[in-house]
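The structure appears below as structure tokens.
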Amino acid sequence: MAFSDEQSISREELALAARNHGMPLEALRYDITPTGLHYLLIHYDIPVVDSAAWRLELDGSVERPLLLSLDELMARPAVTQPVTMECAGNGRARLSPRPISQPWLLEAVGTGQWTGTPLAPLLEEAGVGGDAIDVAFTGLDRGVEGGVEQDYVRGLAVDEARRPDVLLAYALNGQPLPPQHGYPLRLLLPGWYGMAQVKWLRRITVLDEPFTGYQNVKAYRYRRTPDDDEGTPVTRMACRALMAPPGIPDFLSRRRHLNVGPCTIVGKAWSGWAPIERVEVSVDGGRNWQAADLDQAVGPAAWRPWTYSWSSVEPGDYEVCCRARDAAGSVQPDAPDWNVGGYAVNAVQRVAVTVAADHS
Ligand SMILES: Nc1nc2c(c(=O)[nH]1)N[C@H]1C(S)=C(S)[C@@H](COP(=O)(O)O)O[C@H]1N2
Ligand SMILES: [Mo]
């Protein structure tokens with residue numbers, strides 16, 4: 001992993017950022033993110049797939065390997081559920097030194113209404129061997145990363161793969177998956193960071209030994225040092241609240257301009273570990289915090305809407321912040337917590353706001 005101390009981003013980071021877009025934060029106003037506003041992260045190229053020729057293989061340590069067409073998968077029992085997905089690198093660009101990768105600020109999140117068929121019954125039909133340890137999920141996309149040529153493959157413990165909410169998804173917001181979101185089929189692992197949700201799925205392989213592929217063993221680990229720390233795997237999403245920035249933006253600085261008078265701040269909060277229990281807002285940079293009002297979560301694996309009434313907005317400069325706590329007791333740190341890959345950087349969001357006496 002290369003690092004940068006520079007304020008400005010490199011050409012490589014710009015190239016990544018131009019391909020992989022975030023969800024504009026004003027889209028936090030939607031419970032279900034409209035498809036084109038959902039964030040995108042693609043390590044290599046988006047494959048072009050002929051769905052008539054495409055098959056899903058389920059093989060490895062199973063009694064009856066399966067080969068399934070898209071029609072066969074779609075004829076199976078279907079489940080539709082809203083799932084909040086966030087890239088593990090969300091917040092990475094605020095680290096110093098900064099790992100050179102997709103330079104996310106805060107926008108790498110979205111909530112889709114995903115439709116698919118549960119994976120567990122398929123594993124059951126294939127007859128998973130008693131010695132099974134991990135399941136490898138292979139995408140159709142291929143690239144070179146960290147000097148290693150590879151398919152995009154992620155391993156998952158067999159017990160996690162068997163959880164009833166794990167889906168093989170073929171639709172997003174009522175439409176076939178768009179190419180960039182994994183057409184024709186992706187894995188959906190509610191509560192986990194995005195890297196686990198393998199797109200363009202072509203093969204599911206049951207292993208009777210631990211998976212040792214790049215995306216689990218080299219990438220996506222929490223490490224304190226680049227060289228001599230094996231680290232621990234990145235799994236579920238850390239808790240986070242984000243607000244739709246209030247008022248109107250300055251084109252370049254994105255500083256917000258707000259009028260005098262009452263202002264309702266809206267946002268969403270989520271955690272992959274436990275339900276969201278509390279959201280707090282500060283308008284003075286985190287010195288004083290007030291509880292926001294919580295709505296019902298959009299679904300068991302989807303974010304929880306919240307609102308905060310800022311009743312007496314007076315002229316001045318403000319730093320508006322929000323933070324969440326989940327039922328497991330996790331809270332968000334005030335400042336980014338550094339790790340080599342820049343994963344799960346869930347420091348509180350800070351939005352600079354100017355309130356002018358007369359803004360007409
Ligand atoms: N096959 C494949 N699956 C993939 C990826 C990829 O590059 N290739 N990127 C992963 C990462 S890092 C993230 S954050 C999510 C992003 O999903 P989205 O683009 O649908 O939002 O997909 C994951 N699944
Ligand atoms: Mo990601």
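Everything numeric in this text was worked out from a predicted model, so none of it was measured. Counting starts at 1 for both ligands and their atoms, in listed order.
- Under a 4.5 Å side-chain heavy-atom criterion applied to ILVMFWY residues, the cluster that includes Val348 comprises Trp289 as well.
- Salt bridge status for Arg221 with Asp229: absent, with no side-chain N to carboxylate O gap under 4.0 Å.
- Annotation: salt bridge (Lys or Arg N to Asp or Glu O under 4.0 Å) contacts involving residues 300-309, sequence neighbours excluded, are absent.
- Listed by chain and number, His38, Tyr39, Leu40, Leu41, Ile42, His43, Met85, Cys87, Asp141, Tyr152, His181, Arg186, Gly194, Met195, Gln197, Val198, Lys199, Trp200, Tyr220 each place a non-hydrogen atom less than 4.0 angstrom from ligand 1.
- Taking the six-membered ring for Trp and thresholds of 30 and 60 degrees, Tyr318 and Trp310 have ring planes more than 60 degrees apart, a perpendicular arrangement.
- Using bins of under 30°, 30° to 60° and over 60° for the plane-to-plane angle, the ring pair His43/Tyr220 lands in the tilted bin.
- The other members of the hydrophobic cluster of Val148, by chain and number, are Tyr214 (side-chain heavy atoms under 4.5 Å, ILVMFWY only).
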